[in-house]
Amino acid sequence: QVRLVESGGGSVQAGGSLRLSCVVSGYSVSKNCMGWFRQAAGKEREGIAAIYASGTEVYNDSVKGRFTISRDNAKNTVYLQMNSLKPEDTATYYCAAGPLCWGYGRSWRNSYEYDYWGQGTQVTVSS
């Protein structure tokens, strides 16, 4: 059984930092595509970062330079380091896993590329 469990969310002031963790069981983070998505109230879920099996990292322009995705293969865990947080980063953040999220006709930004999802963790950034 595949399970993804996020943690690390919370409330922070603008300019602050948080690190989200996604502990995965039953699925290898090093052999698959791991993504982070977020969904703000009243908005669609959007992909913000992913790390491919190759180790390639990709980012949404809205977080590039501020957020960093990484993984610890030994712990089978994926992280999202979030720096210089802005109020517009306020959302529920989700970890997702799928076998392939790049290539012809595919995009890591598409939620349907991922087979497994965590329950989400709330991030609130105040001004």
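None of I48, V78, V63, V58 except one satisfies the side-chain contact (heavy atoms from CB on, under 4.5 Å) rule with I69; the exception is V78. Just one of Q122, M82, Q39 meets the side-chain contact (heavy atoms from CB on, under 4.5 Å) condition when paired with Y93; it is M82.
With hydrophobic clusters built from ILVMFWY side chains whose heavy atoms lie under 4.5 angstrom apart, Y94 does not share a cluster with Y116.
Of the inter-residue distances, the one linking S127 atom OG with Q13 atom CD reads 9.0 Å to the nearest 0.5 angstrom. Atom CG of L4 sits about 9.0 Å away from atom CD of Q119, to the nearest 0.5 Å. Going from atom SG of C101 over to atom CG of N110 covers 9.5 Å, rounded to the nearest 0.5 Å. The distance from atom OH of Y59 to atom CG of L80, rounded to the nearest 0.5 Å, is 7.5 Å. Here SG of C95 is found 5.0 Å from CH2 of W36. Values are rounded to the nearest 0.5 Å.
Among residues at least two apart or in separate chains, salt bridge (Lys or Arg N to Asp or Glu O under 4.0 Å) pairs with a member in residues 58-68 are D61-K64, R66-D89. Contacts classified as salt bridge (Lys or Arg N to Asp or Glu O under 4.0 Å) and involving residues 117-127 (residues at least two apart or in different chains) are not found. Annotation: disulfide (SG to SG under 2.5 Å) contacts involving residues 42-88, sequence neighbours excluded, are absent. Every pair tested for salt bridge (Lys or Arg N to Asp or Glu O under 4.0 Å) that includes a residue from residues 70-81 fails, sequence neighbours excluded, so the list is empty. Annotation: salt bridge (Lys or Arg N to Asp or Glu O under 4.0 Å) contacts involving residues 110-127, sequence neighbours excluded, comprise R106-E113.
For F37, the ring pair (Phe, Tyr, Trp, His ring centres under 6.0 Å) criterion is met by Y114, W117, not counting sequence neighbours. In this structure, R109 has no side chain to side chain donor-acceptor pair (under 3.5 Å) partners at least two apart in sequence or on a different chain. Applying the salt bridge (charged side-chain N to carboxylate O under 4.0 Å, His left out) criterion to E6, with sequence neighbours excluded, gives no partner residue. For S11, the side-chain contact (heavy atoms from CB on, under 4.5 Å) criterion is met by T124, not counting sequence neighbours. Every side-chain contact (heavy atoms from CB on, under 4.5 Å) that S62 has, sequence neighbours left out, goes to R38, N60.
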- prompt: Can you check side chain to side chain contact (heavy atoms under 4.5 Å, CB included) on L85 and F67, steps first, answer last?
  reply: CA-CA 9 Å; L85 282 161; F67 291 11; 3.8 Å; yes
query: Does the side chain to side chain contact (heavy atoms under 4.5 Å, CB included) test come out yes or no for N73 and V29, once each step is laid out?
result: CA-CA 7 Å; N73 296 340; V29 302; 4.0 Å; yes
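The two residues P87 and S126 make their nearest non-hydrogen contact at CG-C, 4.5 Å.
V5 belongs to no multi-residue hydrophobic cluster, having no ILVMFWY side-chain contact under 4.5 Å with any other such residue.
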Can you list, pair by pair, the side-chain donor-acceptor contacts under 3.5 Å of residues 16-27, counting residues two or more places apart and other chains?
residue	atom	partner	partner atom	Å
S17	OG	N83	OD1	2.9
Y27	OH	N32	OD1	3.2

